[in-house]
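Worksheet: one structure, shown below.
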Amino acid sequence: MELHNDWYKRMSFYQIWVRSFADGNGDGIGDLYGVYDKLEYIKSLGVDGIWFSPLYPSPNADYGYDISDYRDIHPEYGTLEQFQKVLHKAHEMGLKVIMDLVVNHTSDEHPWFLESRKGRDNPYSDYYIWRDKPNNWDSLFEGKAWEYDKVRGQYYLHIFAKKQPDLNMDNPKVREEVKGIMRFWLDMGVDGFREDVINFISKKEGLPNGLPFLPAVNGMPYYKDGPHIHEYMAEFRAVCMEYDCFQIGEGPMTTVQSAMKYLTGPTKSLDMMFSFDHMMADCIYTEYVHRPFSLIKLKKAFSRWQYALAGKGWNSLYLENHDHPRIISRYGSTHYWRESGTMLAASFIFQQGTPFIYQGQEIGMTNIRLHSIDDYVDVSTKNNYHTYHLKDTIERRLKRIHLSSRDSSRTPVQWDSSPYAGFSKVQPWFYVNPNYRKINVAAEEKDPDSILNFYRKCLALRKSSKTLIYGAYKEYFPKDPNIYMYERSYGEVRYLIICSFARLPVKVRIPQNYVGKKGQLMLSNYPDGPQVMADSLRKRAHQEVNMLAAEHGMFRPYEVRVYRFRERAREK
Ligand code: GLC
Ligand code: CA
């Protein structure tokens with residue numbers, strides 16, 4: 001099914017994990033009052049929409065991804081009325097709003113679960129997956145995937161934390177509930193959904209044992225892209241088609257091949273998918289096993305998705321969200337903080353797809369380092385520490401957590417250099433990264449060369465150009481271990497984006513078909529180099545730069561340049 005409207009292709013999104021975004025009512029917890037006050041700031045980035053991580057009532061075992069009421073707002077974040085105020089103002093400002101739809105599981109404090117555990121003759125009995133005997137699946141977040149419930153006298157399945165029992169999507173009543181929830185928010189005016197771990201919702205009949213030697217993910221072959229997934233997805237798609245809404249699914253461990261079934265052809269049920277391939281250039285299964293960053297792995301993942309979806313589907317583009325440590329601390333360098341933060345922005349925003357920017361990414365926030373595992377709050381971080389890293393020394397375990405914890409992306413946003421980083425007037429619910437005196441919005445607003453202003457330039461440039469939105473993607477020199485170089489082309493216009501991931505100056509080769517061509521330098525991240533400001537783009541006051549000029553053959557650490565070429569008519 002094709003949406004008649006493809007507005008989402010021209011857009012970019014800002015993701016809000018509200019608890020750490022901005023505290024508007026002075027209790028140390030981010031909320032919708034804070035969001036309301038920051039809407040102008042969000043708009044000023046040049047984005048066109050907001051994705052809200054869950055705002056619903058939740059016991060917070062997994063910070064909102066364990067929902068106890070799908071049709072309300074968590075009292076810590078505000079009220080339904082306040083949400084509507086935010087929605088209304090966002091719409092007035094031309095910002096779309098999408099909600100997180102978490103329906104693989106609920107909280108164990110959701111009334112459905114409280115009923116379901118009462119017994120087999122309860123009307124909610126089959127809302128969850130109950131068994132007398134567990135299989136051998138591991139949970140991704142907490143020990144084994146089965147928990148014994150004394151009240152019911154059976155085990156329930158939880159692929160994530162114990163407090164996140166999996167819903168039984170094979171039950172038609174559960175699917176009706178999901179559709180009801182979708183309609184509730186669509187009727188209120190939201191513009192779409194980000195669908196949490198949506199490729200996990202259909203489980204293989206009989207729940208067979210998984211391979212014993214695959215820790216954590218042993219059950220995955222039986223719950224990823226399960227037997228009825230596309231039927232269920234079609235039902236949800238039909239609801240969205242009644243509205244002009246769009247759907248992006250989170251697809252942990254999805255492959256391009258299986259993603260294509262969601263994104264194209266007769267089983268098309270999503271407009272985009274969040275894949276994880278490119279988030280594994282320094283680890284295996286985010287958080288579990290670390291390895292040194294490999295640019296080759298990153299480029300392969302980027303290009304695999306770009307080429308596979310070309311002309312068929314549409315990519316989502318991201319480097320950060322609430323589930324991954326900060327990208328400068330991973331793929332960049334905190335030493336070359338500004339250079340790598342800006343280069344990383346251009347490395348993904350100009351690919352074909354819709355960019356998503358996570359709160360704090362636009363100012364280059366970095367990982368936090370805490371001194372004891374007890375200081376971390378994320379359930380999966382604690383699980384990794386206590387389960388998978390057991391053989392290491394405490395020191396090494398903490399180092400691994402520092403590299404991998406989701407908590408690094410969940411520290412309060414650094415707004416200014418006042419106490420608590422201007423996030424709140426009181427002690428915030430979680431640690432503020434001590435680097436907030438240097439890394440904060442206020443300081444970067446003032447600096448034309450800041451990471452913040454570079455994000456603005458990238459988003460403005462992308463929006464100004466059909467080529468950068470719709471153009472074909474092509475990668476050059478895929479085996480180069482230092483440089484990621486890609487082209488976007490449309491009609492007679494081509495863009496060449498050259499990103500150095502090296503800490504030392506490196507020589508850059510020019511692709512054969514560019515030799516002797518003159519390009520205009522549209523963006524670069526070294527202030528002393530020729531640079532064009534976003535607002536002057538429209539004036540077309542570009543500096544002409546010959547790509548072959550000797551001084552442009554060397555790239556400085558983490559340097560990035562974006563060139564634009566236009567074929568002369570007679571060359572066609
Ligand atoms: C998704 C969410 C993550 C959550 C998990 C379980 O991966 O992004 O934050 O913990 O699903 O809901
Ligand atoms: Ca608050």
If you count every heavy atom of other residues, nucleotides or ligands that lies below 6.0 Å from [X] atom [atom1], does the total exceed 12?
| X | atom1 | result |
| --- | --- | --- |
| Lys144 | NZ | yes |
| Arg397 | CZ | yes |
| Arg396 | CZ | no |
| Lys300 | NZ | no |
| His91 | NE2 | yes |

Can you see whether [X] engages [Y] through a side-chain donor-acceptor pair at a distance of less than 3.5 angstrom?
| X | Y | value |
| --- | --- | --- |
| Asp271 | Trp314 | no |
| Gln359 | Ser20 | no |
| Tyr127 | Glu177 | yes |
| Ser58 | Asp66 | yes |
| Asn435 | Gln414 | yes |
| Thr381 | Ser405 | yes |
| Asp378 | Ser380 | yes |
| Trp130 | Ser116 | yes |
| Tyr14 | Gln361 | no |
| His88 | Gln84 | no |
| Ser409 | Asn321 | no |
| Tyr262 | Asp225 | yes |

(request) Step by step, work out the side chain to side chain contact (heavy atoms under 4.5 Å, CB included) result for Met272 and Thr354. (result) CA-CA 9 Å; Met272 282 180 250; Thr354 297; 3.5 Å; yes

Roughly how far apart are [X] [atom1] and [Y] [atom2], rounded to 0.5 Å?
| X | Y | atom1 | atom2 | answer |
| --- | --- | --- | --- | --- |
| Phe274 | Ile198 | CZ | CD1 | 13.0 Å |
| Ile16 | Trp51 | CD1 | CH2 | 11.5 Å |
| Ser53 | Met99 | OG | CE | 10.5 Å |
| Asp108 | Leu114 | CG | CG | 7.5 Å |
| Cys283 | His290 | SG | NE2 | 5.5 Å |
| Leu270 | Glu250 | CG | CD | 11.5 Å |

Please report whether the ring centroid of [Y] lies less than 6.0 Å from that of [X].
| X | Y | result |
| --- | --- | --- |
| Trp185 | Tyr56 | yes |
| His110 | Phe113 | no |
| Trp415 | Phe21 | yes |
| Phe302 | Tyr484 | yes |
| Trp146 | Tyr128 | no |
| Trp337 | Tyr558 | no |

(request) Please determine which of Arg406, Lys163, Lys382 meets the salt bridge (charged side-chain N to carboxylate O under 4.0 Å, His left out) test together with Asp62. (result) Arg406

Should [X] and [Y] count as side-chain neighbours, where that means a heavy-atom distance under 4.5 Å?
| X | Y | answer |
| --- | --- | --- |
| Met279 | Ile327 | yes |
| Asn168 | Leu157 | no |
| His278 | Phe348 | no |
| Met273 | Thr254 | yes |
| Phe454 | Leu523 | yes |
| Met220 | Leu140 | yes |

(message) On a heavy-atom basis, which atom in Phe356 and which in Ser316 lie closest, and how many Å separate them?
(response)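 What the structure gives for the nearest pair is CE1-CB, 4.1 Å.
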
Cationic N near anionic O, under 4.0 Å, [X] to [Y]:
| X | Y | result |
| --- | --- | --- |
| Asp282 | Lys297 | no |
| Asp149 | Lys162 | no |
| Arg437 | Asp416 | no |
| Asp392 | Arg400 | yes |
| Asp166 | Lys203 | yes |
| Arg456 | Glu362 | no |
| Arg71 | Asp69 | no |

(request) Without swapping roles, check the side chain of Asn199 against the backbone of Lys224 for a donor-acceptor pair under 3.5 Å. (result)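 It does not hold such a pair.
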
(message) If we ignore hydrogens and angles and just use 3.5 Å, is the side chain of Asn218 paired with the main-chain N or O of Asp138 as donor and acceptor?
(response) yes

(message) Tell me whether Lys89 forms a cation-pi arrangement with Tyr36, defined as NZ or CZ under 6.0 Å from the six-membered ring centre and within 45 degrees of its axis.
(response)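 Positive - Lys89 is close enough to the ring of Tyr36 and near enough to its axis.
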
(request) For Arg152, enumerate each residue passing the salt bridge (charged side-chain N to carboxylate O under 4.0 Å, His left out) test, keeping only those at least two apart in sequence or located in another chain. (result) none

(request) Check each of Phe276, Trp17, Tyr331 against His324 using the ring-ring contact (aromatic ring centres under 6.0 Å, His included) test, and report the only one that passes. (result)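 It is Phe276, the one option of Phe276, Trp17, Tyr331 that forms the ring-ring contact (aromatic ring centres under 6.0 Å, His included) with His324.
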
(message) Walk me through whether Asp375 and Tyr431 qualify under side-chain hydrogen bond (donor to acceptor under 3.5 Å, both in side chains).
(response) CA-CA 9 Å; Asp375 296 334; Tyr431 297 92; 3.2 Å; yes

(request) I would like to know whether Phe83 and Phe52 meet side chain to side chain contact (heavy atoms under 4.5 Å, CB included); could you show each step before the answer? (result) CA-CA 11 Å; Phe83 173 75; Phe52 281 110; 4.3 Å; yes

(request) Look at the rings of Phe141 and Phe160 and say which category their plane angle falls in: under 30° parallel, 30 to 60° tilted, over 60° perpendicular. (result) perpendicular

(message) Once you measure the plane-to-plane angle for Tyr77 and His74, does it fall in the parallel (<30°), tilted (30-60°) or perpendicular (>60°) bin?
(response)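 Tilted.
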
(message) Could you work out, with ring-ring contact (aromatic ring centres under 6.0 Å, His included) as the rule, every residue matching Tyr65, not counting sequence neighbours?
(response)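 Tyr65 satisfies ring-ring contact (aromatic ring centres under 6.0 Å, His included) with His322 once adjacent residues are dropped.
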
(request) Apply the test side chain to side chain contact (heavy atoms under 4.5 Å, CB included) to residues Tyr318 and Phe13: give CA-CA distance (whole Å), side-chain angles for both, the deciding distance (0.1 Å), then the verdict. (result) CA-CA 10 Å; Tyr318 76 96; Phe13 276 91; over 6 Å; no

